[in-house]
**Q** 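Sharing a structure, written as structure tokens. Questions coming.
Only a predicted model underlies this, so the values are computations on that prediction, with no experimental measurement involved. Along the sequence shown, residues are numbered consecutively beginning with 1. Side chains are part of it too, since the values below use all heavy atoms of this structure and drop only hydrogens, waters and symmetry mates.
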Amino acid sequence: TSSQDDTPRIFSEPWDYSDANGLDWQEQMRLLVPTIQLASSRRGDRVDIIYQNGGRYLRVLFTDAKTGEQSTGEFYFTPNDSTVQFRVGTISAGPAGLVSSSMKNMERCEMIRKEMRYQKLPILRN
């Protein structure tokens with residue numbers, strides 16, 4: 001699932017945190033990491049932080065508890081905005097690297113969004 005790829009069954013609306021407690025992206029990032037961990041633990045999944053440098057970008061690795069399937073997740077807080085762009089895709093062994101069609105990843109993202117109390121940002125398409 002991705003807020004950047006408008007392909008049907010892959011696209012998910014970006015998240016908006018303007019109604020959340022505080023508009024500071026650094027505070028939102030500080031809250032996002034434990035929320036991802038909490039949502040993952042509720043599913044029984046494991047999550048590992050792959051990259052977090054104190055900036056606007058976070059990359060994590062999800063491991064499904066039942067199947068062992070691994071997915072990479074990327075979250076980015078857009079500058080001068082209250083928007084979170086994201087993508088979560090299953091890691092494949094092929095040259096493409098990511099396959100984003102897993103319903104597990106869509107469900108995982110929804111759990112994270114709801115726990116953070118973020119809104120979906122409506123996108124108008126032609």
Side-chain angles (χ1 to χ4, degrees):
T1 187
S2 173
S3 62
Q4 293 292 309
D5 185 343
D6 65 356
T7 304
R9 294 188 358 224
I10 292 176
F11 178 76
S12 292
E13 296 92 342
W15 302 336
D16 176 66
Y17 61 91
S18 61
D19 290 338
N21 294 333
L23 292 176
D24 178 31
W25 68 267
Q26 292 170 318
E27 176 67 12
Q28 295 301 317
M29 178 65 86
R30 188 186 68 72
L31 296 171
L32 180 62
V33 172
T35 300
I36 290 171
Q37 293 167 331
L38 176 65
S40 295
S41 70
R42 287 185 178 155
R43 294 173 49 94
D45 298 343
R46 193 178 89 221
V47 63
D48 297 301
I49 306 299
I50 296 173
Y51 182 81
Q52 182 183 23
N53 68 349
R56 297 176 178 274
Y57 177 77
L58 170 68
R59 187 170 186 178
V60 300
L61 178 68
F62 297 103
T63 304
D64 187 270
K66 295 177 184 165
T67 65
E69 175 183 273
Q70 292 189 317
S71 298
T72 186
E74 298 174 287
F75 302 87
Y76 180 72
F77 288 83
T78 308
N80 303 315
D81 201 350
S82 59
T83 303
V84 181
Q85 302 289 342
F86 64 94
R87 74 178 180 166
V88 177
T90 303
I91 299 172
S92 72
L98 289 177
V99 178
S100 298
S101 60
S102 174
M103 282 303 294
K104 292 177 192 175
N105 288 326
M106 289 185 168
E107 293 167 2
R108 181 178 282 130
C109 288
E110 269 301 285
M111 286 182 71
I112 294 166
R113 182 189 67 78
K114 288 177 181 179
E115 192 71 35
M116 290 293 293
R117 295 186 172 95
Y118 289 171
Q119 300 298 313
K120 290 182 179 181
L121 190 63
I123 302 296
L124 301 177
R125 297 172 54 173
N126 290 341

**Q** Can you measure from CG (Leu32) to CD (Gln37) and round to the nearest 0.5 angstrom?
**A**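 Answer rounded to 0.5 Å: 9.5 Å.
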**Q** Donor-acceptor pair, distance only, cut-off 3.5 Å: does the side chain of Arg113 make one with the backbone of Tyr118?
**A**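 Yes, the answer is positive, given that a donor and an acceptor are paired below the 3.5 Å cut-off.
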**Q** Could you tell me which non-hydrogen atom of Ala65 sits nearest to which non-hydrogen atom of Gly44, and how far apart they are?
**A**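 The pair with the smallest heavy-atom distance is CB-O, 2.7 Å.
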**Q** Just wondering, more than 12 heavy atoms not from Arg46 lying within 6.0 Å of its CZ?
**A**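 No, CZ of Arg46 has 12 or fewer neighbouring heavy atoms, counting only those of other groups under 6.0 Å.
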**Q** Is there a side-chain contact between Arg117 and Asp19, using heavy atoms and a 4.5 Å cut-off?
**A**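 They are not in side-chain contact.
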**Q** How far does CE of Met29 sit from OH of Tyr57, to the nearest 0.5 angstrom?
**A**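 Atom-to-atom, Met29:CE and Tyr57:OH are 10.0 Å apart.
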**Q** First locate atom CD1 of Ile36, then atom SG of Cys109, and finally report the distance between them rounded to the nearest 0.5 Å.
**A**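 Going from CD1 on Ile36 over to SG on Cys109, the span is 9.0 Å.
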**Q** Quick one: do Met106 and Met111 end up in the same hydrophobic cluster if we chain Ile, Leu, Val, Met, Phe, Trp and Tyr together by side-chain heavy atoms under 4.5 Å apart?
**A**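 No, Met106 and Met111 fall in different hydrophobic clusters.
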**Q** Nearest heavy-atom pair of Phe75 and Ile112: which atoms, and what distance?
**A**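 Closest approach of Phe75 to Ile112: CZ-CD1, 4.3 Å.
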**Q** If every non-hydrogen atom of Ser71 is compared with every non-hydrogen atom of Val88, which pair is closest and at what distance?
**A**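 Closest pair (atom of Ser71, atom of Val88, distance): CB-CG1, 4.2 Å.
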**Q** How close do Leu23 and Tyr17 get, heavy atom to heavy atom, and via which atoms?
**A**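 Minimum heavy-atom contact is O-CE1, 3.5 Å.
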**Q** Using the side-chain hydrogen bond (donor to acceptor under 3.5 Å, both in side chains) rule, take Ser40 and Arg108 through it: C-alpha gap first, then chi angles, then the decisive distance, then the call.
**A** CA-CA 8 Å; Ser40 295; Arg108 181 178 282 130; 5.0 Å; no
**Q** Quick check for you: to the nearest 0.5 Å, what is the distance between Arg42 atom CZ and Glu115 atom CD?
**A**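 One finds 4.5 Å between CZ of Arg42 and CD of Glu115.
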**Q** Rounded to the nearest 0.5 Å, what separation is found between the CG atom of Asn105 and the CZ atom of Phe86?
**A**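 Answer rounded to 0.5 Å: 10.5 Å.
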**Q** Which heavy atom in Thr78 sits nearest to a heavy atom in Arg56, and how many Å separate them?
**A**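 Thr78 and Arg56 have their closest heavy atoms at O-NH1, 3.7 Å.
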**Q** If hydrophobic clusters are built by linking Ile, Leu, Val, Met, Phe, Trp and Tyr wherever their side-chain heavy atoms come under 4.5 Å apart, do Phe77 and Ile49 end up in the same one?
**A**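 Same hydrophobic cluster.
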**Q** Do you reckon Met116 sits in the same ILVMFWY cluster as Leu38, going by side-chain contacts under 4.5 Å, direct or chained?
**A**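 No, it is not one cluster - the side chains of Met116 and Leu38 are not joined through contacts under 4.5 Å.
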**Q** Taking side chain to side chain contact (heavy atoms under 4.5 Å, CB included) as the criterion, tell me which of Thr67, Thr90, Asp45 meets it with Lys104.
**A**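 Going through the options one by one, the only one that passes is Thr67.
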**Q** How long is the straight-line distance from OG1 of Thr63 back to CG of Leu61, given to the nearest 0.5 Å?
**A**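 Here the rounded value is 4.5 Å.
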**Q** Sub-3.5 Å donor-acceptor pair from the side chain of Asp16 to the main-chain atoms of Thr83, do we have one?
**A**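 Between the backbone of Thr83 and the side chain of Asp16 there is no qualifying donor-acceptor contact (under 3.5 Å).
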